[in-house]
Amino acid sequence: MKRYNPKEIEPRWQKVWHESGIYKASEHKTKPKKYVLEYFPYPSGAAMHVGHVRNYTIGDTISRFNRMRGFNVLHPMGWDGFGLPAENYAIKTGTSPQKALEENTKRFKQQLIQMGFDYDWEREINSTDPAYYKWTQWFFLMLFKRGLAYQKESSQWWCPVDKTVLANEQVENGVCWRCGSTVEKKMLKQWFFKITEYADRLEKDLDDVDWSPSIKTMQRNWIGHSKGMTFTAPVAGTDMQIQTFSAHFEAFTADTFVVIAPDHPFLTELVRGAAEEKKVLKFAKEMTKKRDLQGYTDEEDVEGIFTGRYIDDPVGNGKLPIWVASYALSHYGTGIVKCSVHDERDFRFAKKYNIQLKPVLFPADKEEAEKVRNLEYCYSDMKNGILMEPEVFKGQIAGSLREEIIKYLEDNQLATTHVSYKIRDWLISRQRYWGAPIPIIHCPKDGAVPVPDGQLPVVLPEMESYEPSGDGRSPLARSSEFVNTTCPKCGGQAERETDTMDGFACSSWYFLRFADPHNDEKAFSDEKAKFWLPVDDYIGGAEHAVMHLLYARFWTKVMHDEGIINFHEPFSKLRNHGMILAPDGQKMSKSKNNTIEPGVLITQGYGADSIRLMELFIAPWNQAANWSVEGIGGTHRFLMRVWTLTQEFLEAPEAGSADDAAILRSAHKAIKKVSEDLQNMQFNTAIAALMEYTNELYKIKADQGFAAKIDWRFALTTLLQLLAPFAPHISEELWKDLGKEGSVHISAWPEHDEKYLITDKIQIVVQVNGKLRANIEVPANATEAAIVDAAKADPKVTQHLDKNEIRKTIYVPQKLINFVT
RNA sequence: GGGCGAGUGGCGGAACUUGGUAUACGCGACGGACUUAAAAUCCGUUGGCUGAAUAAGCCUUGAGGGUUCGAGUCCCUCCUCGCCCACCA
């Protein structure tokens with residue numbers, strides 16, 4: 001008998017698939033399209049481990065299932081090659097990032113092929129290829145021309161080790177996300193994308209996409225919509241005005257002081273000429289620095305200083321002192337807040353500096369209200385608290401008045417509504433070599449001038465050393481050949497921008513390039529983008545829940561506004577997979593030396609098919625799981641059973657072709673269950689159903705051998721088709737052994753027929769008082785009365801009914817009887 | 001502090017959409033066949049307690065209560081764990 005040898009069959013079929021091109025996607029319109037995508041990986045120096053592989057296995061299974069179901073599937077793969085690790089490696093070893101990446105990419109690709117994934121490799125892209133980043137640069141200029149890319153001098157996170165600026169999001173608890181060193185602040189001129197202009201749409205359009213709730217929540221939190229009121233007030237004794245913002249404004253007459261953030265740009269002007277000017281500015285500067293370095297950790301330690309200025313309260317509380325406070329945030333709202341006793345932090349601050357307070361909001365309980373009146377604690381319940389001021393709302397519950405209070409404030413011209421977002425503009429400048437150069441020329445006369453389309457791409461020059469200059473500019477600044485150029489506008493001497501773009505810029509449109517990867521006239525043709533996009537199934541890790549997904553959505557909306565695409569959300573359906581952890585429950589990493597590589601398992605003889613099954617069978621795919629070293633033996637054993645059964649069938653003598661109800665029933669049951677589970681992405685139970693089906697076939701074989709040859713042939717080809725999306729190699733090999741023409745992967749997905757599932761006898765569960773007492777078998781067409789009689793006659797039931805009278809009989813058709821005594 | 005999610009055998013998990021046989025499927029363990037032996041493979045058994053029993057009974061889905069003929073599933077209270085966001089007024 002032919003033996004199951006994955007080492008031999010898997011590479012053989014991979015070659016056949018590649019040569020026959022069965023996974024090639026084309027724009028033919030005879031079938032509905034389906035675009036399945038996993039995030040394109042960064043080809044790191046370390047090998048891919050089983051944790052990475054899970055994501056691709058999920059995408060591949062979805063892709064294959066849809067192809068067999070009659071969809072025209074696009075399932076592409078590419079490389080997100082820009083980024084710090086390649087550059088750091090280049091600095092360390094002196095090899096160019098281009099070269100290191102080329103090797104890594106080759107290895108990654110080989111690993112993916114080895115797993116039997118059905119990528120259309122003719123669409124392979126690489127974000128570091130000038131033919132690709134030419135269009136990343138083109139999009140930068142599109143944003144620039146639309147006023148969405150701008151330069152600003154600003155205080156930015158600076159990593160002293162990587163010698164580069166970091167985005168807000170790349171600072172985690174005060175340390176660099178890559179190297180873990182403590183970050184500092186540094187003033188630099190930077191390029192930004194104005195994502196804040198799209199904040200409302202980025203939030204609202206989340207309603208239109210089918211994403212997991214947790215990711216939507218994360219995006220909403222990041223965007224941070226809050227509706228509040230802006231009060232405008234004159235600064236007493238000056239001709240200045242300030243605007244304060246508050247999202248909890250219900251008790252607006254309680255405000256007795258104002259706080260401004262220490263790093264607020266208006267502060268210098270505010271205190272100019274005031275007696276406290278020098279002292280205040282010194283304090284603010286120190287506080288800003290301290291806050292930058294420490295982060296907002298110490299809740300108890302609020303600090304502040306009086307600015308010497310007052311506002312005339314627009315709601316009539318007289319002169320309110322303005323304080324600089326350590327807890328005030330310059331980027332939220334207007335950066336200035338009117339404060340009252342009804343906020344925890346304001347309360348603590350006022351207590352510390354003996355600022356006057358005035359409660360207007362009280363709990364219903366009289367005793368508690370008295371405590372609030374005596375400033376014994378901070379009462380901040382804007383929902384249930386009872387307002388005592390102003391007169392119109394006296395005695396009413398604050399939470400129910402929100403809309404009325406807004407109307408009141410607006411009608412009396414005391415304040416205007418204002419929506420504030422937490423999200424800040426996207427800093428895309430990188431003072432790094434290994435990124436797409438920002439296509440701008442700085443001219444002493446004309447300022448920042450876009451590189452003309454005809455001169456794109458601005459190609460990264462080969463360099464001898466990749467060390468950052470350390471002065472805030474990228475290594476590109478050292479290449480005079482690169483820097484010195486002429487102004488496209490006036491033709492005079494000019495210098496190129498030396499910053500490169502954040503890698504997230506490259507990944508903000510790659511899913512569009514897959515629709516038309518070799519176009520050198522355009523980023524993509526309108527028709528092809530229209531044909532394939534948006535992505536129907538996007539599978540990714542939670543690590544992309546905020547940054548990548550938000551940026552890609554932003555670019556998509558800009559392109560939509562520019563009129564080059566006809567949709568405004570890039571990913572219709574998005575699900576995030578759970579992580580595979582090492583058997584010890586820790587994250588797999590090279591440094592912990594606990595990674596498990598598929599290549600090693602393949603060498604051990606398991607085969608890609610067993611690994612793929614294990615990736616999905618181990619747990620629901622969107623749930624984290626520890627890799628099980630023994631577990632893979634189970635999926636391997638299952639495949640062996642499929643193999644052996646098929647080979648035994650082939651060796652069995654040709655015999656009669658009796659119609660076998662048991663075989664057909666098992667087969668159609670399996671078709672139904674596996675199809676449903678695949679549509680619901682319940683891979684683990686789909687695999688369980690395949691195992692169950694195989695076990696049933698083994699039992700039938702033990703009972704009667706392969707007598708019903710025609711039905712057996714149907715049962716086995718069905719099994720292989722159902723198995724094909726999960727274990728593509730073995731199913732293809734056995735498909736051929738069974739004499740089928742063509743590839744199992746482009747065969748039509750089987751459909752079940754209910755008529756084979758109907759049996760002439762059914763099982764009825766009999767309960768007495770809700771407890772299971774018997775299991776009876778009755779003809780499928782038995783009447784309720786007959787079933788009740790049969791149930792009553794069962795000795796186990798009689799025993800429990802005892803002499804008690806049956807008060808009630810509950811009958812669930814075809815299923816259950818419950819006697820209540 | 002805010003948000004999201006989860007607690008089921010020795011372990012990963014199933015049943016949750018629609019309240020109706022809890023523990024599918026796999027791992028591990030135990031017993032057997034094959035073998036000089038081991039591995040591999042095949043066949044059994046495997047939630048707990050009482051019991052000689054593959055007789056019978058009782059108990060069991062984090063804890064407690066409720067609704068119901070019937071609750072892992074619905075409702076309330078509480079406990080534990082995980083993830084994300086957090087001086088965002």
From CG of A:Asp263 over to C1' of B:C87, roughly how many Å is that when rounded to an integer? 13 Å
Does A:Thr334 use its side chain to pair, donor to acceptor, with the backbone of A:Gln243 at less than 3.5 Å? yes
Indicate yes or no for a side-chain donor-acceptor contact from A:Lys701 to the backbone of A:Phe649 under 3.5 Å, with no hydrogens or angles considered. no
Expressed as a whole number of angstroms, how long is the span from A:Asn684:CG to B:C25:P? 14 Å
Roughly how far apart, to the nearest Å, are B:G66 and B:G70 at atom C1'? 15 Å
Given B:G70, B:U21, B:C87, identify the nucleotide with an atom nearest to the side chain of A:Asn818. B:G70
Mind checking if A:Asn626 touches a base, just sugar-phosphate, or nothing, with heavy atoms under 4.0 Å? nothing
Can you check the A:Trp222 CH2 to B:C84 P distance for me, whole Å? 12 Å
Based on the glycosidic angle (syn within 90° of 0, else anti), state the conformation of B:G9. syn
Whole-angstrom distance between B:G19 and B:G28, as gauged at atom C1': 34 Å
In terms of side-chain geometry, is the basic nitrogen of A:Glu754 or A:Lys672 positioned less than 4.0 Å from the acidic oxygen of its partner? yes
Let me check I have this right: for RNA chain B, each base becomes ., (, ), [, ] or |, based on Watson-Crick or G-U pairs with both distances under 3.5 Å. What is the full string? (((((((..(((.......[....)))((((((.......))))))((((.....))))..(((((..]....))))))))))))....
Just call it for A:Ile810: base, sugar-phosphate, or nothing, with non-hydrogen atoms closer than 4.0 Å on any strand. base
Looking at every strand, decide which applies to A:Glu344 at a 4.0 Å heavy-atom threshold: base, sugar-phosphate, or nothing. nothing
Whole angstrom is fine here: how far is it from CD in A:Gln679 over to C1' in B:U17? 14 Å
Using a 4.0 Å heavy-atom cut-off across all strands, classify A:Glu692 as base, sugar-phosphate, or nothing. sugar-phosphate
For A:Asp346, which contact category applies under a 4.0 Å heavy-atom criterion: base, sugar-phosphate, or nothing? nothing
Hey, does A:Arg773 reach any base, or is it just sugar-phosphate, or nothing, if we go heavy atoms under 4.0 Å? sugar-phosphate
So does A:Lys669 pair up with A:Glu696, basic N to acidic O under 4.0 Å? yes
Using the side-chain heavy atoms of A:Tyr327, tell me which of these nucleotides is nearest: B:C88, B:C87, B:A14. B:C87
Remember a base hit wins even if backbone is also touched, and classify A:Phe245 as base, sugar-phosphate or nothing at under 4.0 Å, heavy atoms. base
Readout for nucleotides 38-51 of chain B: B = base within 4.0 Å of protein heavy atom, S = sugar-phosphate only, - = neither; 5' to 3' it is ---SSS--------
Heavy-atom check, side chain of A:Phe638 versus side chain of A:Leu723, under 4.5 Å: yes
Any chance CD of A:Gln679 has more than 12 other-residue heavy atoms, nucleotides or ligands included, within less than 6.0 Å? yes
Please work out if A:Lys771 contacts a base, only the sugar-phosphate, or nothing of the nucleic acid, heavy-atom cut-off 4.0 Å. sugar-phosphate
Looking only at atom types and distance, does a side-chain atom of A:Gln219 sit under 3.5 Å from a main-chain N or O of A:Ala545, one as donor and one as acceptor? yes
Mind running salt bridge (Lys or Arg N to Asp or Glu O under 4.0 Å) on A:Arg220 and A:Asp207 for me, showing each step along the way? CA-CA 11 Å; A:Arg220 286 209 174 91; A:Asp207 294 340; 3.0 Å; yes
Could you measure between the two P atoms, the one in B:U54 and the one in B:C49, and give it in whole Å? 13 Å
Side chain of A:Leu329, heavy atoms from C-beta onward: which of B:C87, B:A15, B:C69 has the nearest atom to it? B:C87
Step by step, would you call A:Lys351 with A:Phe347 a side chain to side chain contact (heavy atoms under 4.5 Å, CB included)? CA-CA 6 Å; A:Lys351 278 268 175 184; A:Phe347 181 82; 3.5 Å; yes
Does A:Tyr332 put a side-chain nitrogen or oxygen below 4.0 Å from OP1 or OP2 of B:A89? yes
Which residue, A:Thr694, A:Asn695, A:Thr646, forms the side-chain hydrogen bond (donor to acceptor under 3.5 Å, both in side chains) with A:Arg641? A:Asn695
For A:Leu581 and B:C83, give me the distance from atom CG to atom P, rounded to whole Å. 10 Å
Are any of the side-chain heavy atoms of A:Tyr4 and A:Ile9 separated by less than 4.5 Å? yes
Of the candidates B:G20, B:A89, B:A14, the side chain of A:Pro620 sits closest to B:A14
What's the closest nucleotide to the side chain of A:Ala619 if the choices are B:G12, B:A15, B:A89? B:G12
Rounded to whole angstrom, note down the P distance from B:A38 over to B:A29. 16 Å
Expressed in whole Å, how much space separates the C1' atoms belonging to B:G10 and B:G65? 32 Å
Decide, yes or no, whether a salt bridge links A:Asp794 with A:Arg773 under the criterion of side-chain N to carboxylate O below 4.0 Å. no
Side chain of A:Lys808 (C-beta onward), nearest among B:C69, B:A89, B:A86: B:C69
Just to be sure I understand the geometry, which residues of residues 666-678 of chain A put a non-hydrogen atom under 4.0 Å away from RNA chain B? none
Measure the distance from NE2 on A:His248 to P on B:A89 and round it to the nearest whole Å. 6 Å
In whole angstroms, the gap separating P of B:C25 from CG of A:Leu722 amounts to 18 Å
Counting only side-chain heavy atoms from C-beta out, which of B:C25, B:G3, B:C87 sits nearest to A:Thr217? B:G3
If you look at every strand shown and take non-hydrogen atoms under 4.0 Å, does A:Lys815 touch a base, only sugar-phosphate, or nothing? sugar-phosphate
Regarding A:Ala625, tell me which of base, sugar-phosphate or nothing describes its non-hydrogen contacts under 4.0 Å with the strands shown. nothing
Report the distance from atom CE of A:Met229 to atom P of B:A89, rounded to the nearest whole Å. 15 Å
Please report the distance separating the P of B:C25 from the corresponding atom of B:A15, rounded so that it comes out in whole Å. 13 Å
Rounding to the closest angstrom, what is the interatomic distance between B:G62 and B:A6 at atom P? 13 Å
Short side-chain N/O contact from A:Asn221 to OP1 or OP2 of B:C4, under 4.0 Å: no
Side chain of A:Val820 only, please: which of B:A89, B:U21, B:C69 is the nearest? B:C69
Between the base of B:G13 and the side chain of A:Gln623, is there a donor and acceptor pair under 3.5 angstrom? no
pair A:Met547-A:Trp426: side-chain heavy atoms closer than 4.5 Å: no
Quick check, are the ring centers of A:Trp323 and A:Tyr353 under 6.0 angstrom apart? yes
Tell me what A:Gly224 touches on the nucleic acid: a base, only sugar-phosphate, or nothing, going by heavy atoms under 4.0 Å. nothing
Classify the angle between the aromatic ring planes of A:Tyr606 and A:His636 as parallel (below 30°), tilted (30 to 60°) or perpendicular (above 60°). perpendicular
Run the salt-bridge test on A:Lys358 and A:Glu389 with the 4.0 Å N-O cut-off and return the result as yes or no. yes
P gap between B:A22 and B:G72, integer Å: 9 Å
Closest listed nucleotide, where the reference is the side chain of A:Leu772 and the choices are B:U21, B:C25, B:A15: B:U21
